[in-house]
Number of protein chains: 2
Amino acid sequence: MNQTKKHYHHGDLRQTLLDTATAIISEGGVDALSMRKLADHVGVSRTAPYHHFKDKNALLCAIAEAGFKQHFEVVSLLPQQHPQLDKHALFELYVLSYIRFADSNPETYDLMFGKEIWKLGQPSEALHATSRQCFQHWLEWIEVLQTEKVLTDQHPTLRVAQASWATLHGLCRLLNDGIYVNRDDLEEMGKTAAAMLLKSPAGAD
Amino acid sequence: MNQTKKHYHHGDLRQTLLDTATAIISEGGVDALSMRKLADHVGVSRTAPYHHFKDKNALLCAIAEAGFKQHFEVVSLLPQQHPQLDKHALFELYVLSYIRFADSNPETYDLMFGKEIWKLGQPSEALHATSRQCFQHWLEWIEVLQTEKVLTDQHPTLRVAQASWATLHGLCRLLNDGIYVNRDDLEEMGKTAAAMLLKSPAGAD
DNA sequence: GTAATAACTTGACACTGTCAAGATCGGTAG
DNA sequence: CTACCGATCTTGACAGTGTCAAGTTATTAC
């Protein structure tokens, strides 16, 4: 009765809730997560979680935030991990990494960019900050690609960043939401998208 | 007591349900629609709707289907309505029309392309057919643009269609889901996206 | 007119999120 | 060591959800 047993005080409930909730969501989607089942699964009463998260929205925000951090870690390391690639190839890799993340963590992705939080619920301050940081990173990188003439510089950096991100996001959603079903085509779709966004190399016509 | 009164048989319940449900959704989103409130609003008992729609999913499918038809009507008429435009401009118009539709009917758009139906529920046969027709139309048009050298022909038509559609869809979702909030930038974002997807006109570099 | 059937209602069940009030424990002040 | 306090957890309750089963009523077919 030393650990994970029936103490009145769980001791580490907050983190346990986060972990279990993430697991449930990864397995069955956001809709598979109910506060009650979560509590049940962890072995506490229905309302115990409310002492660690204001409400369900707060829990979801915390999970989404972790997702952003994980995602940021992956993409922000790409350039220094592949110094041999030229900018075109690096952009493609970026695109593919993004898509792969969404594909391997579909439910987390849903939470990170879903209306559940951003429209219906309200994103926590922390979530706002973390996601902003991700977009900021993307924005800076787009700017670099513009000065290197790999992306168009005929339009403002912000617009190019929004439009290109929208492409990635759109691909992910179409697959994630079950509209496109052929996940096998994923890579090829990503490559096509990357190629279309990039300025055609001089003389490609 | 001849019309819209308290007959035991409503007489036109199916259509009334569709209309009312569409109205409720347009106003407060899919989540604002509950079978019980809908029935209440129409003035019938909780389970009356179930005699006209197998379940909530079936109702949503019917609404989504109507959305596809409405959307198809708009975009399929564009070419003949604007014969003076060149292909570049027409593509941009197409993009803008798509975005405007999603912007003016955000909740319907949600339903048409949301996981509510496609992933969690199951799309009706009719919905499948209608949406397929829409994509088919898009596909054929992309093919034309490829042969006219306005879009890249370095990649298969299907891939180009998927990638370009994903861009539109991504933009719509980012705005629709509350991730981008500046709806004023909508048109400009659409134009930037269109420009990036199109092959740069010869000599633009 | 009677029988079949379509349309509708009431009752019930198992869920959901979350509030209010009470129980129990761990740590600290005296 | 004791008394208390606040953090933590529990039980009870409420209003809401989708939908099934069984009963009621009106319309239609013969």
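A note on names: the letters A, B, ... follow the listed sequences, proteins ahead of strands, and every chain is numbered from 1. Keep in mind that this is a model prediction, so the values were computed, not measured.
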### Any donor-acceptor N/O pair, A:Asn57 side chain to A:Gln122 backbone, under 3.5 Å
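Checking the backbone N and O of A:Gln122 against the side chain of A:Asn57, a donor-acceptor pair under 3.5 Å is found.
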
### Query
Do side-chain atoms of B:Thr47 reach the backbone of B:Tyr50 as a donor and acceptor pair under 3.5 angstrom?
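Pair absent, no side-chain N/O of B:Thr47 close to backbone of B:Tyr50.
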
Taking atom [atom2] of [N] as reference, at what distance in whole Å does atom [atom1] of [X] sit?
X       : N      : atom1 : atom2 : value
A:Arg46 : C:dG17 : CZ    : P     : 12 Å
A:Asp55 : C:dT16 : CG    : P     : 17 Å
B:Leu13 : D:dT25 : CG    : P     : 19 Å
A:His51 : D:dT11 : NE2   : P     : 12 Å
A:Asp40 : C:dA14 : CG    : P     : 15 Å
A:Tyr50 : C:dT16 : OH    : P     : 11 Å
B:His41 : D:dT17 : NE2   : P     : 13 Å
B:Asp31 : C:dT16 : CG    : P     : 17 Å

### Task
Check whether the ring centres of A:His169 and A:Tyr109 lie less than 6.0 Å apart, and answer yes or no.
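Between A:Tyr109 and A:His169, which both carry aromatic rings, the centre distance is below 6.0 Å.
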
### Check: D:dG18 base within 3.5 Å donor-acceptor of B:Arg36 side chain
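Indeed there is one.
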
### Message
Here's a test of your reading of the structure: between A:Ser34 and B:Ser45, which maps to the more 5' nucleotide of DNA chain C?
### Response
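Closer to the 5' end of DNA chain C: B:Ser45.
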
### Query
Using a cut-off of 4.0 Å on non-hydrogen atoms, how would the nucleic acid contact of B:Lys37 be classed: base, sugar-phosphate, or nothing?
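If one applies the 4.0 Å heavy-atom cut-off, B:Lys37 turns out to touch the sugar-phosphate alone, with no base involved.
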
### Query
Under 4.0 angstrom, heavy atoms only, what part of the nucleic acid is B:Thr47 near: base, sugar-phosphate, or nothing?
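Since a base atom lies under 4.0 Å of B:Thr47, the category is base.
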
### Plane angle bin for B:Phe113 and B:Tyr98 - parallel if under 30°, tilted between 30 and 60°, otherwise perpendicular
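Correct class here is tilted.
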
### Query
Which is it for A:Phe72 and A:Trp138 under the side chain to side chain contact (heavy atoms under 4.5 Å, CB included) test, yes or no, and what are the steps along the way?
CA-CA 10 Å; A:Phe72 185 72; A:Trp138 176 254; over 6 Å; no

### Query
Which nucleotide, D:dC9, D:dG18, C:dT9, lies nearest any side-chain atom of B:Val44?
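It is C:dT9.
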
### Among D:dT19, C:dC8, C:dT18, the one nearest A:Met35 by side-chain distance
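Taking heavy atoms from C-beta onward, the closest nucleotide is C:dT18.
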
### Message
Tell me whether the side-chain N/O atoms of A:His52 come closer than 4.0 Å to OP1 or OP2 in D:dA7.
### Response
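No, outside the criterion.
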
